[in-house]
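To start, the structure under review is shown below, and the notes come after it.
Only a predicted model underlies this, so the values are computations on that prediction, with no experimental measurement involved.
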Amino acid sequence: MKENKKYLITYFLVSTIAFLYLVFGGEFPSLGLTMFCLLEILGFYLLTPNHKAKLLLIPAAIIPLNYFFSANKIWYLSNMVIIVTLLITTVLLITKKLEVSNGLFKFIKNILNNIFYPLSHLGVILDWLSLVTKDESKKIKRVLIGLLVSVPFVFIIFG
């Protein structure tokens with residue numbers, strides 16, 4: 001059990017660093033995304049050699065090449081949505097939190113529920129912000145202003 005945790009933690013760290021470097025750090029993010037998907041296929045193959053769900057990552061590796069070769073931004077957003085959906089579906093199938101045998105509509109409903117479930121926790125953040133004192137609100141405003149100023153510069157520098 002401890003050995004599996006070590007593999008999973010190592011896989012998580014390598015995936016995170018690879019995603020940050022290949023997708024956000026490179027000059028060609030679509031090519032970096034393809035390389036990241038190939039790395040994920042390799043990682044899933046090593047962690048789960050007998051599972052067929054990793055075949056969903058093959059289209060996720062091919063789709064970004066469309067943007068790389070054509071340099072047309074018309075499909076950029078839809079490609080990202082499809083790739084994220086394929087990655088999430090692959091992980092859900094491998095962890096057995098999603099079953100294909102329930103029928104197509106239940107399968108699609110479960111995928112969408114799992115994709116948008118984290119958004120249901122935004123209310124907790126708003127509740128925390130409503131409990132903030134005046135002194136803390138000044139600090140939060142400073143942090144938010146810093147983010148509003150620095151994030152556009154990050155996009156300008158790396159964009």
Going by atom type alone, with no hydrogens or angles, which donor-acceptor pairs under 3.5 Å involve a side-chain atom of residues 34-41 and a protein atom two or more places apart or on another chain?
residue	atom	partner	partner atom	Å
T34	OG1	S30	O	3.2
T34	OG1	A61	O	3.2
E40	OE1	Y11	OH	2.4
E40	OE2	S15	OG	2.7

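- Atom CG of L112 sits about 7.5 Å away from atom OG1 of T85, to the nearest 0.5 Å.
- Linking ILVMFWY residues whenever their side-chain heavy atoms come closer than 4.5 Å, directly or via other members, leaves L57 and V81 in distinct clusters.
- T89 and I111 get closest at one heavy-atom pair: OG1-CD1, 3.6 Å.
- Connection of I58 to L42 is not established within any shared hydrophobic cluster, with ILVMFWY side chains joined at heavy-atom distances below 4.5 Å, either directly or through further cluster members.
- Put simply, CD1 on I63 and CG on L86 are 5.5 Å apart, with the number rounded to the nearest 0.5 Å.
- For the side-chain contact (heavy atoms from CB on, under 4.5 Å) test, residues two or more places apart in sequence or in another chain that qualify with Y117 are S120, H121.
- Put simply, Y45 and L87 are part of two different groups of oily side chains (I, L, V, M, F, W, Y) that touch within less than 4.5 Å, one to the next.
- Between F107 and L93, some side-chain heavy-atom pair lies under the 4.5 Å cut-off.
- Partners of I17 by side-chain contact (heavy atoms from CB on, under 4.5 Å), not counting sequence neighbours: none found.
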